[in-house]
Amino acid sequence: MANSVYTFIMSMILYSTPLLFAALGVLIMEVTGTVNMAAEGIMAVGCYVAVVASAHFGNVWMGALCAMLAAAVIGLLFGFLVIDLQINQTVLGIAFNLIGAGLTTTLNRAFKTDAITVRDSFAKGPFGLPIPVYIGFILVAVMWVFLYKTHTGVRYRSVGENPTVVESMGISVRRLRYTACLWGAVFVGFGGAFLSTGLLSKFTENMTSGRGFFALAAVTFGNYTPLGMLAGVFVFGAGETLSFRLQAGGGAFPYEAALMLPYALVIVFLCIFSRNVRDPKALGVPYKKSR
């Protein structure tokens, strides 16, 4: 019994890791007032680029680096469109998701990327988990310290609440939001890279399976705090782990119900625990610099 519980917890942590990085990316953007509906598309691009680059260089870390660079470009483009051109953030995010899914699917079918198997793997740390798992947990602590114990972190949170006040202090709202878009996309891109090269060792179409949206849900569930977000990530990880076990076990439990379990679990937890969540006041609101 104890061994089964231990195995379940380790699996839950492992399967939660791609979503954890994506949620960190969503969090850093949304606390500054930018709605990151594009996480699903950015994550898909990270999955694809990581596999291609890992196979080319023979190193998963190089693959992850290339995925983060590709995601950074997307993040800067997203930032330009929502910050400078002030396009509706929700609509643009959905468009980026469609482009990410369509682009990776087209490239996969054109170049048969799904036939590539990544032979290199991430080194293992204590308890047999890959190194990125530990990096993810460290980043949660770093994010908490950054947001609540540093002047720059306070500015990030302030620009999501009242950008006019931030600007009145001589601080560039545009610069803060641009850097948030950049780093947010980088985190999401690494989440995609770990999903394709750390968990599966290959690319498959639509492999993100809604994880970008679950990252949004985890951030909302956690009331826009790093520790609360981590709890939301574990909810999905527990549901996914249980889903895999039910599918592997066979028996009378319907296969379709097992597939639906992680999604249903997230919806239930959101309904129960997210009633009193308070969004950043300037979330999704375009900001024009006063003259």
Side-chain angles (χ1 to χ4, degrees), residues 18-19 21-30 32-53 63 66-114 116 177-178 180-197 199-200 202-220 236 240 259-260 262-263 266-267 270 279 283-286:
L19 179 60
F21 282 101
L24 284 167
V26 171
L27 176 64
I28 194 64
M29 289 179 66
E30 298 218 336
T32 62
T34 304
V35 178
N36 187 1
M37 285 288 290
E40 182 79 1
I42 297 173
M43 202 172 186
V45 172
C47 289
Y48 183 88
V49 172
V51 168
V52 174
C66 291
M68 289 189 289
L69 290 174
V73 173
I74 298 173
L76 290 175
L77 175 61
F78 184 83
F80 171 71
L81 294 174
V82 300
I83 297 170
D84 290 335
L85 300 188
Q86 299 191 350
I87 296 175
N88 183 283
Q89 297 173 18
T90 301
V91 173
L92 183 66
I94 294 173
F96 269 56
N97 291 335
L98 295 174
I99 292 171
L103 178 63
T104 54
T105 298
T106 301
L107 292 174
N108 174 57
R109 296 182 182 182
F111 299 104
K112 307 297 182 184
T113 312
D114 55 2
I116 298 174
R177 289 186 170 175
Y178 255 110
C181 287
L182 172 64
W183 284 108
V186 167
F187 286 140
V188 175
F190 187 86
F194 184 74
L195 176 62
S196 61
T197 60
L199 292 185
L200 298 180
K202 65 180 301 182
F203 174 83
T204 58
E205 293 177 9
N206 301 315
M207 67 185 305
T208 52
S209 301
R211 284 178 174 82
F213 296 108
F214 282 122
L216 281 167
V219 171
T220 303
F236 177 81
E240 190 171 27
L259 288 176
M260 184 181 68
Y263 307 91
V266 169
I267 292 173
L270 276 176
D279 297 334
L283 182 63
V285 180

query: So, the side chain of Gln86 versus the backbone of Pro286: is there a donor-acceptor pair under 3.5 Å, distance only?
result: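 Checked: no pair found.
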
task: Check for a donor-acceptor pair, side chain of Arg177 on one end and backbone N or O of Gly79 on the other, with a separation under 3.5 Å.
output: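 Checking the backbone N and O of Gly79 against the side chain of Arg177, no donor-acceptor pair under 3.5 Å is found.
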
query: What residues, two or more places apart in sequence or in another chain, satisfy ring-ring contact (aromatic ring centres under 6.0 Å, His included) together with Phe214?
result: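 For Phe214, the residues satisfying ring-ring contact (aromatic ring centres under 6.0 Å, His included) (neighbours in sequence not counted) are Phe236, Tyr263.
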
Rounded to the nearest 0.5 Å, how far apart are [atom1] of [X] and [atom2] of [Y]?
X: Leu182; Y: Leu76; atom1: CG; atom2: CG; value: 5.0 Å
X: Ile74; Y: Leu69; atom1: CD1; atom2: CG; value: 11.5 Å
X: Thr104; Y: Phe203; atom1: OG1; atom2: CZ; value: 4.0 Å

Search all heavy atoms of [X] against all heavy atoms of [Y] and return the closest pair with its distance.
X: Cys181; Y: Phe78; result: SG-CD2, 4.4 Å
X: Met29; Y: Ala185; result: SD-N, 4.4 Å
X: Val26; Y: Leu216; result: CG1-CD2, 3.7 Å
X: Lys202; Y: Ile116; result: CB-O, 3.5 Å
X: Thr32; Y: Ala180; result: OG1-CB, 3.5 Å

Which pairs of donor and acceptor atoms, one on a side chain in residues 37-49, lie under 3.5 Å apart (sequence neighbours left out)?
residue, atom, partner, partner atom, Å
Glu40, OE1, Arg211, N, 3.2
Glu40, OE1, Gly212, N, 2.6
Glu40, OE2, Thr208, OG1, 2.6
Glu40, OE2, Gly210, N, 2.9
Tyr48, OH, Thr113, OG1, 2.9

